[in-house]
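Side chains included, hydrogens not; waters and symmetry mates left out as well; all remaining heavy atoms used. To find a chain, count down the sequence lines: A is the first, B the second, and so on, and within it residues start at 1. Keep in mind that this is a model prediction, so the values were computed, not measured.
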Amino acid sequence: GAVVSQHPSRVICKSGTSVKIECRSLDFQATTMFWYRQFPKQSLMLMATSNEGSKATYEQGVEKDKFLINHASLTLSTLTVTSAHPEDSSFYICSASRLAGGRQETQYFGPGTRLLVL
Amino acid sequence: DQQVKQNSPSLSVQEGRISILNCDYTNSMFDYFLWYKKYPAEGPTFLISISSIKDKNEDGRFTVFLNKSAKHLSLHIVPSQPGDSAVYFCAATPSGSARQLTFGSGTQLTVLP
């Protein structure tokens with residue numbers, strides 16, 4: 001168990017358009033999902049924490065109006081990159097947390113979405 | 001200021017030998033630590049974790065050691081296999097919950113056949 005999917009796996013779009021990325025927990029309910037961004041040869045940087053039914057909590061420096069997050073159900077969170085620009089090109093990864101090994105939560109990651117903005 | 005550091009960007013090991021990946025942290029509030037493995041263009045895969053109440057956790061070929069006084073943890077893989085070649089990230093979080101993971105910069109492990 002603990003499978004997290006993302007769709008699409010890669011997307012190319014023109015500058016100024018919006019792109020939606022879906023994150024689903026396939027075999028468990030996740031009250032909390034996380035969105036990360038990874039630039040080449042760098043670590044994963046947390047963008048925002050998404051709780052089902054409430055507004056996302058964004059990390060410092062992440063524009064909430066540019067990166068819209070919707071956590072509509074216990075198994076689905078979406079990230080919409082609005083008015084994308086070439087500097088938004090990156091690898092976006094979501095994760096969902098669930099209890100593992102007792103009371104401790106563990107994050108399980110999706111396969112990531114490669115976004116290229118032309 | 002990096003709170004979780006993986007000072008070795010890369011490591012090469014012969015197949016069958018032991019791989020030791022190191023991680024240091026500075027935040028004394030961290031009390032739950034995780035290791036993830038990541039292939040290119042894929043999301044990280046959870047490997048193993050350890051709580052600060054333990055100093056060792058073992059799962060098959062993977063063992064994580066925690067030295068709280070030194071704020072240091074390590075992942076041992078033995079025997080190493082070519083399929084273990086990947087980037088390994090350590091992550092840490094306070095309060096025993098994986099809700100706020102701080103990741104290291106990763107170590108590229110290459111296991112040579």
Exercise for the section: State whether the number of non-hydrogen atoms from other residues, nucleotides or ligands found under 6.0 Å of Arg114(A) atom CZ is greater than 12. Expected result: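 Check passes, neighbour count above 12.
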
Problem - Donor-acceptor contact present, side-chain Ser105(B) to main-chain Ser43(A), <3.5 Å - result: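 The answer is no, because no donor-acceptor pair under 3.5 Å joins these two groups.
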
Handout entry: Thr102(B) side, atom OG1; Leu44(A) side, atom CG - distance, nearest 0.5 Å
Key = 11.5 Å

If you group Ile, Leu, Val, Met, Phe, Trp and Tyr by side-chain heavy-atom gaps below 4.5 Å, do [X] and [Y] land in one group?
X        : Y        : answer
Val62(A) : Leu46(A) : no
Met33(A) : Leu68(A) : no
Met45(A) : Tyr92(A) : no
Trp35(B) : Phe65(B) : no
Leu75(B) : Leu73(B) : yes

Practice task
Under 4.5 Å heavy-atom distance to chain B, tell me which part of Gln38(A) shows up: side chain, backbone, both or neither.
Solution key: side chain

Handout entry: Per-residue contact mode, Ile93(A) against chain B (heavy atom under 4.5 angstrom)
Key = side chain

Handout entry: Pair Phe46(B) + Phe109(A): ring centers closer than 6.0 Å
Key = no

Exercise for the section: Can you tell which part of Phe103(B) gets under 4.5 Å to a heavy atom of chain A, answering side chain, backbone, both or neither? Expected result: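 Its backbone and side chain both get close to chain A.
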
Exercise for the section: Would you check if Thr45(B) and Tyr108(A) make a side-chain contact, meaning some heavy-atom pair closer than 4.5 Å? Expected result: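 When only atoms from C-beta onward are counted, Tyr108(A) and Thr45(B) do not touch, as no gap falls below 4.5 Å.
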
Completion exercise
Heavy-atom nearest pair, Gln107(A) first then Tyr36(B), reads O-OH, 2.7 Å

